[in-house]
J.: 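After the structure tokens below, expect a handful of questions from me.
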Amino acid sequence: MLTILFGGKSTPFIRDPRLFPLAGFLLVVCIYILVALLFAIYVPELFPTDVRMRALGLCNTLGRAATIFTPFLVVFLFRSTA
């Protein structure tokens, strides 16, 4: 909830462009903490160990692939719209 309030409500009111990286950093940190807590607390309760390990391995692989290709997608989108 704090992430939504901070990211969605305060960003339009930032007047100094130097504060945007700080706002983005804080937003990413909040989201990262929420995801880490979700993986640590909620996911182990849902599935048996063998299913959980395979699914987490698959998600880890897909997440790394997305991390590799996202910068290329961002550059493509910036070039196609500007």
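Computed from heavy atoms alone, side chains included, the values below leave out hydrogens, waters and symmetry copies. When a residue number appears, it is its place in the shown sequence, counting from 1.
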J.: Answer with yes or no whether the hydrophobic clustering places Phe69 together with Leu77; edges join I, L, V, M, F, W, Y residues whose side-chain heavy atoms lie under 4.5 Å apart.
T.: no
J.: Which residue pairs pass the salt bridge (charged side-chain N to carboxylate O under 4.0 Å, His left out) test with at least one member in residues 16-44, sequence neighbours excluded?
T.: Asp16-Arg18
J.: Hey, quick one: are Ile33 and Phe25 part of the same hydrophobic cluster, counting side-chain heavy atoms closer than 4.5 Å, chains of contacts allowed?
T.: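 Ile33 and Phe25: one cluster.
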J.: Does one hydrophobic cluster hold both Leu22 and Val28, with members joined at side-chain heavy-atom distances below 4.5 Å?
T.: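 No; Val28 is not reachable from Leu22 via cluster members.
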J.: Could you measure the distance from the OH atom of Tyr32 to the CG atom of Leu27? Nearest 0.5 Å is fine.
T.: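 So the OH of Tyr32 and the CG of Leu27 are separated by 15.5 Å.
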J.: Can you name the residues that form a side-chain hydrogen bond (donor to acceptor under 3.5 Å, both in side chains) with Asp50, not counting sequence neighbours?
T.: none
J.: Find out if a path of hydrophobic residues (ILVMFWY) with successive side-chain heavy-atom gaps under 4.5 Å connects Ile68 to Phe76.
T.: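 The answer is no; the residues belong to distinct hydrophobic clusters.
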J.: Check this for me: Arg52, atom CZ, are more than 12 non-hydrogen atoms of other residues, nucleotides or ligands nearer than 6.0 Å?
T.: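 Check passes, neighbour count above 12.
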